[in-house]
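Since we're looking at a predicted model, the values are computed, not measured. Each ligand, and each atom within it, is numbered from 1 in the order the structure gives.
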Amino acid sequence: MILSIESSCDDSSIAITEISSAKLLFHAKISQELEHSNYGGVVPEIASRLHAQALPKILLEAKNFLNHSFSFIKAIGVTTQPGLNITLIEGLAMAKALSLSLNIPLISINHLKGHIYSLFINQPQAIFPLTVLLVSGGHTLIIEAKDASHMSIVATSMDDSFGESFDKVAKMLSLGYPGGPIVEKYASYCAPYSVYDFPIPLKNSKKLAFSFSGLKNAVRLAIIKENATDTITDEFRAKICAGFQKTACNHLLMQLKKYFKNKKDNHDDIKNFCIVGGGSANIYLREQVAALCNAFDIQLLLSPLEFCSDNAAMIGRAAIVKYIQKDFANPLTLQASPKSDANEFLSL
Ligand code: KG4
Ligand code: ZN
């Protein structure tokens, strides 16, 4: 079994995964959404202190699950990058202490690769080649993954990420944090005919890239305009959320369509495509991407909703690959890093 730890942002999580079957045996997570809600985003210092409280609590739960014996644990997997340095360190310190005291290997996991492996929790075989749309709070990327160790980033955001733009829109509408689920909920209250109309970013650009700052600004201006003549009502919030969600997702879809078409024209067909990361829990996005993949005859893989946002189960699943390769880290020198290691992904 592998014990894995995730603390890259505002979720403290520990999982135990069986190595040969990839079966998830134990998984617990404590989220800090309430604590950050007043700030409209994650406050790193608060997040770090909360991890210091939550991780030992979850470890105790894991220990109880193991009948107070770590003897079946063969390695410790831990997220080391990318993320908030001072929160990553909390998980890393615990992982190092466990690795040294139990005398078992330590495995360093890239959080973005972890998200990709959220697709294969409970599945011993991963599927490659795989093209990935990763939409999280920190990233909006298209990744071409030939296999577990050959991954290239082929498109990225020029400014904000997909998830971050949901968080900012929720903050502008005083809806709390995290924005994704709240904006999605408000959007569902809006009647189809009254959805606010926003221009789709990069509509006429040939470039394969993402951008959300212009859309965020358009939302800001719409709110200012409404505020000047009227007070902000829930009905208005629903209209804005529905319009924003539709436009942000349609922007992703337009870029994906461009990318799929280009691949097809070059006879470089995509077989397997997936959306991962917190934003992949968005139902409108899942449905629209499913229809697009269907039109291009591409198989779409999606994680169960509970594993879209940050969790240690995906870190444990990714750690199995490195365990089999005996790709271990030195507990005396392993460091956390806010950015991905250059060896993890090739940037085109
Ligand atoms: O992957 P994740 O849990 O953490 C990072 O690695 O950043 O992603 C969190 C992000 C947040 O910005 C959150 O607002 C967004 O994912 N998110 C969503 C939805 N659920 C979470 N965005 C859109 N629709 C959702 N349903
Ligand atoms: Zn994440």
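Distances from ligand 1 to the non-hydrogen atoms of Cys9 include no value under 4.0 Å. Not a single heavy atom of Gln245 sits less than 4.0 Å from an atom of ligand 1. His111 counts as a contact of ligand 1, since one of its heavy atoms falls under 4.0 Å from the ligand.
The closest protein non-hydrogen atom to atom 2 (P) of ligand 1 is Asp310 OD1, 3.3 Å. Protein heavy atom in closest approach to atom 9 (C) of ligand 1: Gly137 N, 3.7 Å. Looking at atom 14 (O) of ligand 1, its nearest protein heavy atom turns out to be Asp167 OD1, 2.7 Å. Atom 18 (C) of ligand 1 has its closest protein heavy atom at Gly180 CA, 3.3 Å. Looking only at heavy atoms of the protein, atom 26 (N) of ligand 1 is closest to Glu184 OE1, 2.7 Å.
Aromatic ring centroids of Phe162 and His251 lie 6.0 Å or more apart.
Atom OD1 is the N, O or S atom of Asp310 at the shortest distance from the Zn ion (ligand 2).
Checking His111 against the Zn ion (ligand 2), an N/O/S atom falls under the 2.8 Å cut-off.
Side-chain polar atoms of Asp10 and His51 form no donor-acceptor pair below 3.5 angstrom. No hydrogens or angles considered: nothing links the side chains of His115 and Ser136 as a donor-acceptor pair under 3.5 Å. Side-chain contact check for Gln255 and Lys258: at least one donor-acceptor pair (N or O, by modelled atom type) lies under 3.5 Å. A side-chain donor from one of Ser8 and Glu6 sits under 3.5 Å from a side-chain acceptor of the other. Neither side chain, Ser7 nor Ser12, offers a donor N or O lying under 3.5 Å from an acceptor on the other.
Taking a cut-off of under 4.0 Å to the non-hydrogen atoms of Ser309, the atoms of ligand 1 that pass are 3 (O). Close approach to His115 involves these atoms of ligand 1, each under 4.0 Å from a residue heavy atom: 1 (O), 6 (O). Numbered from 1 in the order shown, with element, the atoms of ligand 1 that lie under 4.0 Å from a heavy atom of Gly279 read 16 (O), 17 (N), 18 (C), 22 (N). Per-residue contacts place Glu164 under 4.0 angstrom from the following atoms of ligand 1 (heavy atoms of the residue considered): 12 (O). Taking every non-hydrogen atom of Gly138 and a distance limit under 4.0 Å, the qualifying atoms of ligand 1 come out as 7 (O).
Ion pairing between Lys74 and Glu18 fails under the 4.0 Å rule for side-chain N and carboxylate O. Look at Lys171 and Asp167 and you find no salt bridge, because none of the NZ, NE, NH1 or NH2 atoms lies under 4.0 Å from a carboxylate O. By the 4.0 Å N-to-carboxylate-O rule, Lys168 lies close enough to Asp160 to be salt-bridged with it. At a threshold of 4.0 Å, the pair Glu235-Lys239 does not count as salt-bridged, since none of the basic side-chain nitrogens sits closer than that to a carboxylate oxygen.
Ligand 1 has a nitrogen or oxygen under 3.5 angstrom from a nitrogen or oxygen of Gly278. In terms of N/O distances under 3.5 Å, ligand 1 is approached by Gly163.
At a 4.0 Å heavy-atom cut-off, ligand 1 touches Asn282 through backbone and side chain alike.
Note: Phe120 and Tyr117 have perpendicular aromatic rings, judged against thresholds of 30 and 60 degrees for the angle between ring planes.
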